[in-house]
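Below is one structure, written out as structure tokens; the observations come after it.
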Amino acid sequence: MVQIILLGLLLLLPVAAYFLGHTYYVNLASRVTIIAMAAVGLNLAIGYGGMVSFGHAAYFGLGGYVAGISAYHAFDMTPFMSWPFSVPGSDSLLVVWLAAVVLCALLALAIGAISLRTTGVYFIMITLAFAQMIYYFANSWPTYGGQDGLPIYIRNTLPQVGNNLFDSSDALTYFLICFTGLVLAMAITSRLMKSRFGAALTMARLNDVRLATAGISPYPIRLVAFVISAAITGLAGALYADLNGFVSPSMLSWHFSGELMVIVILGGVGRLYGPLAGAVLFVMMETFLGGITEYWQLFLGLVLLGVVLFAKHGVMGWLAGSERNE
């Protein structure tokens, strides 16, 4: 019931705000949805796989730069690369999404292949180190704005059907696109965790020795989950760049990785709807408390402390009741 209410409010409130002429709140709901989607990807790694990654901002930022760079070359009508073959820019959302997912998956495959050979704090630090390398690379890449970031002058679009049915420049349409992406990300996560792969991933988190004894190597199971997690987060990054019309190295910063981790903890680690609840709480505090005081993170810290001490299953676990927490 809590999940249905939460998802229903996220869908209905922006629709009502749109027809009342409050476009700002529609865009705010889009931001909540995108951040929740990125947290869904991280939750797959942390909550279900036990892989505490402190570098998921790398995939979020890479997805954003894919959208930004593609739009940049589409606007200038110049190819991204011309050797050994020509790669043009594109303003098609479908192309951008595919490129973001594939590139983030390949990057996660490379990083995960190395990082997953370690555990504990070593895994955390290696993922952070890789993310920071990518952050400093983007920060020193003058072609695409460097530390100043890259404006997106054209809005990536979906194929038009009828009377601008898929006009991505419309606030409500773009929110519905983001909402659909979030629902699909949660559906994929749910389906994975209910499959044999999900059972193996859960056992890899609980007792990898017992999983290996059953004849299943934990390493490839974790690596596949890590790659899927990064792909979901990267797609969220591409959507975020289009929403803001801007991409910058801050999307790659370790600060954002920390924010995603806070969101997952607030909502409930290992809970399907936990990232959504955490994203709603985080963005609402940032928006409304941030409008009152610049020290709004003090209150966020108090809320996080309360969740850790008194609601170890997060907001979703607290709302669901103690009988559903075991």
Side-chain angles (χ1 to χ4, degrees), residues 6-7 9-14 16-18 22-43 46-47 53-61 63-64 131 135 149 171 174-175 178-179 181-182 185-186 232-233 235-269 271 273-311 314-316 318-319:
L6 183 62
L7 201 61
L9 287 175
L10 180 63
L11 176 61
L12 295 178
L13 289 179
Y18 178 81
H22 300 296
T23 307
Y24 169 78
Y25 293 107
V26 181
N27 290 329
L28 184 64
S30 296
R31 183 168 183 265
V32 170
T33 305
I34 293 169
I35 297 298
M37 184 177 175
V40 166
L42 180 60
N43 191 41
I46 293 182
S53 169
F54 207 63
H56 260 54
Y59 314 114
F60 188 80
Y135 166 77
Y174 198 74
F175 164 74
C178 298
F179 182 82
L182 172 63
M186 291 195 297
I232 293 173
T233 303
L235 179 57
L239 290 168
Y240 193 75
D242 258 326
L243 175 66
N244 294 329
F246 182 77
V247 59
S248 72
S250 62
M251 292 177 63
L252 295 157
S253 171
W254 67 270
H255 296 91
F256 186 74
S257 293
E259 288 179 1
L260 283 181
M261 197 171 295
V262 167
I263 287 168
V264 172
I265 294 171
L266 283 176
V269 178
R271 287 183 172 269
Y273 283 75
L276 175 55
V280 170
L281 182 59
F282 182 89
V283 174
M284 292 301 102
M285 291 185 69
E286 180 185 38
T287 302
F288 298 110
L289 289 181
I292 300 173
T293 173
E294 60 179 315
Y295 304 110
W296 68 272
Q297 291 178 333
L298 170 64
F299 301 99
L300 174 64
L302 292 174
V303 172
L304 182 61
L305 186 62
V307 167
V308 171
L309 292 178
F310 305 109
V315 173
M316 290 302 296
W318 175 68
L319 291 174

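Only heavy atoms go into these numbers, but all of them, side chains included; no hydrogens, no water, no symmetry mates.
Put simply, the side chain of V32 reaches to within 4.5 Å of the side chain of M284, judged on heavy atoms. Counting heavy atoms from C-beta on, the side chains of Y174 and D242 come closer than 4.5 Å. For the pair V40 and L276, the minimum side-chain heavy-atom distance is 4.5 Å or more. At least one side-chain heavy atom of F256 sits less than 4.5 Å from a side-chain heavy atom of F60. Proximity of H22 to V26: side-chain heavy atoms (C-beta onward) are nowhere separated by under 4.5 Å. Inter-residue side-chain proximity for Y18 and P14 is flagged as unmet; no heavy-atom pair is nearer than 4.5 Å. Residues Y240 and R31 form a side-chain contact, since some pair of their non-hydrogen atoms from C-beta on lies under 4.5 Å apart.
For the atom pair CG (L243) and CD1 (I34), the distance works out to 4.5 Å, reported to the nearest 0.5 Å. Distance check, rounded to the nearest 0.5 Å: CD1 of I263 to CG of L42 gives 9.5 Å. Interatomic distance, CG of L298 versus OG1 of T293, reported as 8.5 Å (0.5 Å rounding). Atoms OH and OG, from Y59 and S257 in turn, are 9.5 Å apart once rounded to the nearest 0.5 Å. The CG atom of L28 sits 12.5 Å away from the OG1 atom of T23 when rounded to the nearest 0.5 Å. A distance of 4.5 Å separates SG of C178 from CG of L239, quoted to the nearest 0.5 Å.
For N43 (side chain) and R271 (main-chain N/O), a donor-acceptor pair under 3.5 Å exists by modelled atom type.
Of all heavy-atom pairs between A277 and G267, the closest is CB-CA, 4.3 Å. Across all non-hydrogen atoms, the minimal contact from G47 to V269 is CA-CG1, 3.5 Å. Between A38 and L260, the closest heavy-atom pair is CB-CD2, 3.8 Å. Taking each heavy atom of P275 and A36 in turn, the nearest pair found is CB-O, 3.8 Å. Heavy-atom minimum distance, W318 versus A311: CB-CB, 4.1 Å.
Between F179 and F175, the ring planes are tilted. Angles from 30° to 60° get that label.
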Begin from the C-alpha positions of L289 and Q297 and carry the test side chain to side chain contact (heavy atoms under 4.5 Å, CB included) through to its verdict.
-> CA-CA 9 Å; L289 289 181; Q297 291 178 333; over 6 Å; no

List the steps and the verdict of side chain to side chain contact (heavy atoms under 4.5 Å, CB included) for Y135 and W254.
-> CA-CA 9 Å; Y135 166 77; W254 67 270; over 6 Å; no

Give the C-alpha distance, both sets of side-chain angles, the deciding distance and a yes or no for side chain to side chain contact (heavy atoms under 4.5 Å, CB included) between I35 and E259.
-> CA-CA 10 Å; I35 297 298; E259 288 179 1; over 6 Å; no

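Contacts classified as ring pair (Phe, Tyr, Trp, His ring centres under 6.0 Å) and involving residues 286-306 (residues at least two apart or in different chains) are given here: F282-W296.
Counting heavy-atom neighbours within 6.0 Å of Y25 OH, excluding the residue itself, gives a total of 12 or less.
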